[in-house]
Amino acid sequence: MAVNPLEIVRKCISTEISRELGIEPNTIRGAFTIPREEYGDLTIVLSKLPKGGSYIDRVVKAVENCSYVMKVDVIGMYMNIWFNRPRFTELVFSSIIASKAGYGVYKEEKKKRVVVEYVSANPIHPLHIGAARNAALGSFIANINRAVGNDVQTRFYINDVGRQVAILTLGIKQLSNVEPPKDVKSDHWIGLIYAITNTIIEIISLKKRLELEYSEEKKREIQKELDSLLADAARLREQAPDIFDTILDKLKEVDVEREISKIMKDYEKGEKEISELARKAVSLCIEGINQTLKRFKAEIDIWDWESDLVWSGEVDRVIEALKRISSEYKGTLAIDFKQLLNIEGIRDRLRIPKSLEIPPLILLRSDGTSLYTVRDISYSIKKFREYNADIVINVIASEQTLPQAQLRLALYMLGHHREAENLIHYSYEIVNIEGARMSSRRGRIVTLDSVLEEAKIRASVELEKRGMKSEEIAENVGIAAVRFYLLSVTPSRPVKFSWDNVLNFERNSAPYLLYTFARTEGVFRKARELDIDLNLGKILKEADLYFTQNNTRRWRLVRILSEYPDTFYRSYIELDPSIITTYIIKLADEFNSWYDEEPIVLEANESLRKSKLIITYAVNQILRGAFKILGIEALERL
RNA sequence: GGGCCCGUAGCUCAGCUAGGAUAGAGCGCUGGCCUUCUAAGCCAGUGGUCCGGGGUUCAAAUCCCCGCGGGCCCGCCA
């Protein structure tokens, strides 16, 4: 367990109370709360103590026994505790200096092996802003797990088996050349071909439906949808007229549904020509996606091809095993979970929502090809096996709650109990654009690339205002802004995308934090300029520990610094980055107010200056550590 | 029809897990602060039926129930 000053004080107090009242120290924990400033530093809600509000005098005496406590005051049911500021300051300072960059960072006693599968976006178009939230969250999960000492492997599942890649392949097949033009990023190129092909296919199918429809009302409905598709088609054609016309001419001639179905079958069989074509197209897309992810500081260790699972026979083996426990359902084979769900406590163990209804899981399409969730079962087993993982975390939007639940249940039924129990669906809400959903199928998306470019431009403009010109800094600031924005909303809440939000460079933003960090760096730069000794051990010994007496602002800083270990721990346990982002904003606010008010390096009183340097050092270290976990590059100047 | 998530200031969001004192930030708007370690900053002001209604409780934004509004899911899609 990392050093936690606040925990030391809580423990000291609860030990004293438990000794006095003869109760378990742990039962006191829930009674602690941090009060408003004017009511002290820590409060115990007396009615929450096991023996209620009785024995108040004895409790007060007991608490006063703790050396970190200066004063205790009872108002109604609140027992307000004021800390002995110099003693507590010393505790906080020494904790920080002893653990350096590790201050507040929780350490797992027994390191775990963790696989994080994330992004896993369809390999048929560039990443959009929704996938960016996944990428930001997934890389945060990987980073914080590494920080606590766990072994982490990140994986990207390339979903290349299925209808969407078949559509892309159908489009590619009509073209003589797959290579993108020089000035087009390969994933954007693939995305365009896919959108063109898909839109044409949808138009063809809608026109057929229109011919067969008799109801006037339905006809009008179809016509309306068709009009919107045609508008999309016109827009797509503008981007690449030749390609659009080629694909359109060729697809007009054929039965597209049969073609798609054939491609899917051939690809699952590994038929040479189709496989090479599909792999080539998907590889191009993945290449572009990987470039974007690297730029976005979301690293992938292993790229898993879904088709490999099919070709290697792993999917077949799972299907064979599933067949033995399947039953007849709607004319095909399916896994029914009813009996399993009747087992006492199974929902808790597999983290399945209490009243979530789970329909049977269908094994195969009538044409014999496999289905996504079934393939995912063999992939889940692979993820555990290959890394010898204790936990596998799937970062997947909440809309997939049901298939993810089916996945765990199926694993359990196959006898993979440990895997089922340790497969976590890390669920988050999607990104909305002005209330509307993006459609990659029609090429209507806000790409992460465009957001990053815009952020970079915005950062350059801000830099130029300050007479600075640095592409590298603009790039880092821009990326930090986007990542921070996506990480600062609680994952269970939907994010409303707007350029104004993403490109906010003022308070409550990464640029603001980077700026604060750069200020702390500036302080140390100045100190070195003036030949001021920065040996922390020495500084601590000679620091003025009374510098918070009668000074609210300074005391507030010490208090906030003491709260970081709790913050970090909660963020790790809940895997919620917004707990850290909220905290560091508060820390930066407090630091900036103070910075404006008092000199630090230029402080004439030596021992006072030392205390101030420790505060600055602490802010610097906490920000540096938090940046690393959030995937933000710490910049010394800004 | 059933399920999951969300609803807090004009806008974007904290706070809800574990009930606790006068519900907090940012943006916006009004006014002020650069000869000092970085003004992407600081200070002051402005702004709230915590979606509505019940219930539990000494105490509810927080827990429970019933509604309302929004998003998502309930496919031989992924």
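A note on names: the letters A, B, ... follow the listed sequences, proteins ahead of strands, and every chain is numbered from 1. When reading the values below, keep in mind they use all heavy atoms of this one structure, side chains included, and skip hydrogens, waters and symmetry mates.
The residue A/Gln400 sits close to a base: some heavy atom pair falls under 4.0 Å. Residue contacts for A/Glu574: at a heavy-atom cut-off of 4.0 Å it reaches a base atom on one of the strands shown. Across all strands shown, A/Thr33 has no heavy atoms under 4.0 Å from either base or sugar-phosphate atoms. Within 4.0 Å of A/Arg493, counting heavy atoms only, lies at least one base atom of the nucleic acid. Using a 4.0 Å heavy-atom cutoff across all strands shown, A/Asn80 reaches at least one base atom of the nucleic acid. Across all strands, A/Gln404 comes closer than 4.0 Å to no nucleic acid atom at all (heavy-atom distances). At a threshold of 4.0 angstrom between heavy atoms, the contacts of A/Phe524 with the nucleic acid are absent. Looking at heavy-atom distances under 4.0 Å, A/Arg609 makes no contact with the nucleic acid at all.
B/G69 and B/C6 make up a base pair, with Watson-Crick or G-U wobble contacts both under 3.5 Å. In this structure, B/G45 and B/C29 make a Watson-Crick or G-U wobble pair, each of the two defining distances being under 3.5 angstrom. Both distances falling under 3.5 Å, in either a Watson-Crick or a G-U wobble arrangement, occur for no nucleotide opposite B/A39. With a cut-off of 3.5 Å on both pairing distances, B/C77 has no Watson-Crick or G-U wobble partner at all.
Contact of A/Ser366 with B/C76 (side chain to base): a donor-acceptor pair of N or O atoms is detected under 3.5 Å. With hydrogens and angles ignored, a donor-acceptor pair under 3.5 angstrom links the side chain of A/Thr43 to the base of B/A21.
Side-chain proximity of A/Ala518 to the nucleotides B/U22, B/U38, B/C42 is greatest for B/U38. For A/Asn159, the listed nucleotide lying nearest its side chain is B/A78; candidates were B/C5, B/A78, B/A25. For A/Ser47, taking side-chain heavy atoms from C-beta onward, the closest of the listed nucleotides B/C58, B/A21, B/C16 is B/C58. Candidate nucleotides B/C73, B/C77, B/C37 were compared by shortest atom distance to the side chain of A/Leu402, and B/C73 ranks first.
Between the C1' atoms of B/G52 and B/A44, the separation comes to 37 Å (whole Å). Spacing of C1' atoms, B/G54 relative to B/G26, comes out at 35 Å, to the nearest Å.
The distance from atom NZ of A/Lys48 to atom P of B/C58 is 15 Å, rounded to the nearest whole Å. Note: CG (A/Leu638) to P (B/A40) measures 8 Å, nearest angstrom. Taking atom CG on A/Leu587 and atom C1' on B/A25, their separation rounds to 15 Å, with Å as the unit. The separation between A/Met77 atom CE and B/G19 atom P is 14 Å, rounded to whole Å. Atom C1' of nucleotide B/C74 and atom CG of A/Leu356 are separated by 9 Å, given to the nearest angstrom. Regarding A/Arg525, its CZ atom lies at a distance of 12 Å from the P atom of B/C37, rounded to whole Å. Taking atom CD of A/Glu306 as the reference point, atom C1' of B/C77 lies 12 Å away to the nearest angstrom. Per the geometry, CD1 belonging to A/Ile560 stands 14 Å off C1' belonging to B/A14, to the nearest Å.
In this structure, a donor-acceptor pair under 3.5 Å is absent between the side chains of A/Ser571 and A/Glu574. Looking at A/Glu590 and A/Trp594, their side chains never bring a donor and an acceptor atom within 3.5 Å of each other. No side-chain donor from either of A/Thr373 and A/Gln406 sits under 3.5 Å from a side-chain acceptor of the other.
A/Lys469 places no side-chain N or O within 3.5 Å of a backbone atom of A/Leu463 that could act as its donor or acceptor partner. Listed for the A/His425 side chain is no donor-acceptor partner under 3.5 Å among the backbone atoms of A/Thr401.
For the pair A/Arg133 and A/Tyr428, the cation does not sit on the ring face, since its NZ or CZ is not both under 6.0 Å from the ring centre and inside 45° of the axis.
The two residues A/Val119 and A/Asn134 have their closest heavy-atom pair at N-OD1, 2.7 Å.
Taking the syn range as angles within 90° of 0, the glycosidic angle of B/C42 is outside it, so the base is anti.
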